[in-house]
> 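Here you go, one structure.
In what follows, every chain begins at residue 1, and chains take the letters A, B, ... in the order their sequences are listed.
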Protein chains: 2
Amino acid sequence: MRADTGERRRDAERTRTELLDVATEEFADRGYSGARVDEIAARTRTTKRMIYYYFGGKEQLYLAVLERAYAEIRAAERTADVGHLDPVAAVRRLAEVTFDHHEAHPAFIKLVGVENAQQAKHMNHVARLVDLNSSAVDLLREVLDRGHDEGLFRADVDALDVHMMISSFCFFRVANRHTWGALFDRDLLDPQRREHYRTMLGDLVTGYLRK
Amino acid sequence: MRADTGERRRDAERTRTELLDVATEEFADRGYSGARVDEIAARTRTTKRMIYYYFGGKEQLYLAVLERAYAEIRAAERTADVGHLDPVAAVRRLAEVTFDHHEAHPAFIKLVGVENAQQAKHMNHVARLVDLNSSAVDLLREVLDRGHDEGLFRADVDALDVHMMISSFCFFRVANRHTWGALFDRDLLDPQRREHYRTMLGDLVTGYLRK
DNA sequence: TTTCTAATGTACGAACTGGTACGTTAGTTA
DNA sequence: TAACTAACGTACCAGTTCGTACATTAGAAA
């Protein structure tokens, strides 16, 4: 096995990864039916034939893209360490992790949109995805419980609802930036406004939770 | 001109409207490239030829669909009468109008997603759309000013930010219901949870605005 | 070196899809 | 009722796109 100098002529792993990388962008940008198998292949070192060799077809390639994208995102979420923070700061921190994450992964956001456009019918075929997604909410639930025990938070809040509240804000900002820009002439991803929105999200969530 | 009995053999207006109705569903469900001109025509009384006769082509048909969808939504928004309500109740009412509206028009939500997937490039060609969209925010701004004058609301809030906050919650609930259902086994549009979310949105916004 | 197979490349086809050429008819107007 | 035009229908084409049959080769194993 030679070192990864980028000059190898045959490398199954690299060919697979390269196809996934390009396919992620292509599916995210053009949707499932809009993505072109020929176009994906053309953007790699390899040929269309390899898509069928490694994945079986367009649909299975899309499935592989989706699964990898979710796996990456949940791995990132697990890095948040909020055990040492007081409940209010911890909630703020968790919201910020989601905020940062959505902003840094526009392709993932687009894929979620693509998948919803198809009634998540592909996602249902990837059972593994469901397992991956509980951790984020579990972490949030612990913090909410702690906040309630300390008399800081309301009792009647559901962790999944709070997660939805956070996600919707972060998702919208990235997903709808183009129509928002066209209709209101405001760039939601303008770096100058970033801190403003990040703070706003924290205020929003903690304001809702406070007794 | 005969009465509209639905039995007319020739009726330009009806043919046009029928094409728009079907095309709205088709574009919303399958995206721009996913939608099939043949399929749209097949679902109407008329033939594909009429799409080219009345609209010119697939793209112009999509444009007409988009323009009509936005025109309808803004017309609905203008019905909200909040002049007689106190600022807190008025903000709550405006949020509820958006909430109800998004829920009642899933095809519109999908079209917004489709348009964002294409970087809103079509929307930019429909200048008329921009004019339509200021009214909703203007109304909100008046209420926020009134709330601030009465010492109820914070001073440093931007109406467009609040509009975004409201929109993101309402949009997410409808747009991402499928992936949310698959990943967390929760139906965001469950009628039994509707009042809960409607109230939650009001709490969220008024909680953020309060001094 | 020889053998073997995973990995890769080429060329092509069948089905689909947006668009159009051309012919027909309903209903109005003179 | 004769002429005219907006509205409509049919049949087809040209380009695209997913998928595959078949040939080839790099590199490991014997």
> Would you find a donor on one side and an acceptor on the other, under 3.5 Å apart, between the side chain of B:R177 and the backbone of B:V174?
yes
> Between C:dA7 atom P and A:L19 atom CG, what is the distance in whole Å?
13 Å
> Answer with base, sugar-phosphate or nothing: what part of the nucleic acid does B:A35 contact at a heavy-atom distance below 4.0 Å?
sugar-phosphate
> Of the listed nucleotides (C:dG9, D:dG9, C:dT20), which one gets closest to any side-chain atom of A:M50?
C:dG9
> Does A:T46 place a side-chain N or O at less than 4.0 Å from the phosphate oxygens OP1/OP2 of C:dG9?
yes
> Rounded to whole angstrom units, what separation is found between the CZ atom of B:R30 and the C1' atom of C:dT17?
14 Å
> Would the base of D:dG19 count as contacting A:K58 through its side chain, where contact means a donor and an acceptor less than 3.5 Å apart?
no
> Within this structure, what is the CG-to-P distance between B:D38 and D:dC13, rounded to whole angstrom?
16 Å
> What is the separation between atom CG on B:L61 and atom C1' on C:dG19, rounded to the nearest whole Å?
14 Å
> In whole angstrom, give the distance that lies between atom CD of B:E26 and atom C1' of C:dT17.
13 Å
> Taking atom P of C:dC12 as reference, at what distance in whole Å does atom OH of A:Y52 sit?
18 Å
> Has B:T15 got a side-chain N or O lying under 4.0 Å from the OP1 or OP2 atom of D:dA7?
no
> Specify the separation, in whole Å, of atom CD1 of A:I51 and atom C1' of D:dG19.
11 Å
> So which nucleotide from C:dA7, D:dC18, C:dT20 ends up closest to the side chain of A:V37?
D:dC18
> OP1, OP2 of D:dT10 versus side-chain N and O of B:T47: anything below 4.0 Å?
no
> Would you say A:Y53 places a side-chain N or O within less than 4.0 Å of OP1 or OP2 belonging to C:dA7?
yes
> Look at the side chain of A:E96 and the backbone N and O of A:R198, then say whether any donor-acceptor pair between them is shorter than 3.5 Å.
no
> Tell me: CD of B:E59 to P of C:dG18, nearest whole Å?
13 Å
> If only side-chain N and O atoms of B:R36 are considered, is one of them under 4.0 Å from the OP1 or OP2 phosphate oxygen of C:dG18?
yes
> Would you say that more than 12 heavy atoms from the other residues, nucleotides or ligands in this model lie under 6.0 Å from the CG of B:D185, or not?
no
> More than 12 heavy atoms of other residues, nucleotides or ligands under 6.0 Å from CD of B:E195: yes or no?
yes
> Side-chain N or O of B:R49 less than 4.0 angstrom from OP1 or OP2 on C:dT20?
no
> Within the pair A:Y54 and C:dT8, is there a side-chain N or O less than 4.0 Å away from OP1 or OP2?
yes
> Under 6.0 Å between ring centres: does that hold for A:Y62 and A:F55?
no
> Counting distance alone, no hydrogens or angles: does the base of D:dG9 have a donor or acceptor under 3.5 Å from a partner atom on the side chain of B:K48?
no
